[in-house]
Amino acid sequence: FLLLALLQLFRLSGLCQNIFTQHATNNFVAFCFAETKDSSTWFALGDGYGTGTVGYSGITFSKIFTVDDGLPSASYEQIFVASDGTVWAGGYSNTKPNTAVIAKYSKNQWSVSFLTQSKYNPIVKKFAEPFPGQVWIATYGGLYYQKDTSWGLFTTSDGLPDNKVN
């Protein structure tokens, strides 16, 4: 009974409120979710054909990022929150064939890398952070890793058994 009374008190006081806001997402599908340390949620959204965006739902507001925010349109299918709170989103664009789109959100702005995978489908399968501050990206074209300010790539020619890395 005490729990029900507390829930009713929170509801009446306005302390318990719906933080999700409905946004128009052009029929995009949420392919992946990631949660930050403060319980905010990030969404990788896409149509599966090369267009999409990233969404955010925090404690006090939610947002769908657009080109105006510095995020290129791509079918984002993976999202990852690094140990330092940086958000990484990976996908592909229908305007850049055979190229993975990697978007990094840090200090309230997006920076973008385009990883060309000449003959491979640019599907980003997973992000990982094997060491603090160093992000690795598994794709169907090999395994990308941060190399100073650029990206390195491991493929079958470097000893991987297959270029399709999950």
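In this chain, residues are counted from 1 in sequence order. This one's a predicted model, so the numbers in the text were calculated from it and none came from an experiment.
- In this structure, CG in Leu160 is found 6.5 Å from CG in Leu143, a value given to the nearest 0.5 Å.
- Listed here is the closest heavy atom pair of Ser83 and Gly133: OG-N, 4.3 Å.
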message: I'd like to know whether Tyr105 forms a ring pair (Phe, Tyr, Trp, His ring centres under 6.0 Å) with Phe65, so could you lay out the CA-CA distance, the side-chain angles of the two residues, the decisive distance to 0.1 Å, and finally the verdict.
response: CA-CA 11 Å; Tyr105 189 75; Phe65 291 92; 5.2 Å; yes
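- Partners of Phe80 under the ring-ring contact (aromatic ring centres under 6.0 Å, His included) rule, at least two apart in sequence or in another chain, do not exist in this structure.
- With contacts defined as side-chain heavy-atom distances shorter than 4.5 Å, the pair Lys96/Val101 does not qualify.
- Gln78 pairs by the side chain to side chain donor-acceptor pair (under 3.5 Å) definition with nothing, not counting sequence neighbours.
- With contacts defined as side-chain heavy-atom distances shorter than 4.5 Å, the pair Val124/Leu115 does not qualify.
- By the ring-ring contact (aromatic ring centres under 6.0 Å, His included) test, Phe33 pairs with Phe43, sequence neighbours left out.
- For the atom pair CG (Leu45) and SG (Cys32), the distance works out to 10.5 Å, reported to the nearest 0.5 Å.
- The aromatic rings of Tyr145 and Trp136 lie tilted to each other, with the angle between the two planes from 30° to 60°.
- At least one side-chain heavy atom of Phe31 sits under 4.5 Å from a side-chain heavy atom of Ser75.
- Between atom CD of residue Gln109 and atom NZ of residue Lys104 there is a gap of 10.0 Å, rounded to the nearest 0.5 Å.
- Phe127 approaches Val135 most closely through the heavy-atom pair CD2-CG1, 3.7 Å.
- In this structure the side chain of Tyr76 reaches within 4.5 angstrom of the side chain of Leu71, judged on heavy atoms.
- Closest approach of Gly141 and Thr155 over heavy atoms only: O-CG2, 3.8 Å.
- Counting heavy atoms from C-beta outward, Phe154 and Val165 have side chains that stay 4.5 Å or more apart.
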Would you please test Gln146 and Trp151 for side chain to side chain contact (heavy atoms under 4.5 Å, CB included) and show each step? CA-CA 5 Å; Gln146 286 177 301; Trp151 293 95; 3.6 Å; yes
Subject >> Derivation and outcome, side chain to side chain donor-acceptor pair (under 3.5 Å), residues Tyr144 and Thr139 >> reply: CA-CA 8 Å; Tyr144 284 91; Thr139 73; 5.6 Å; no
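- The line from CG of Leu153 to OG1 of Thr116 is 11.0 Å long, rounded to the nearest 0.5 Å.
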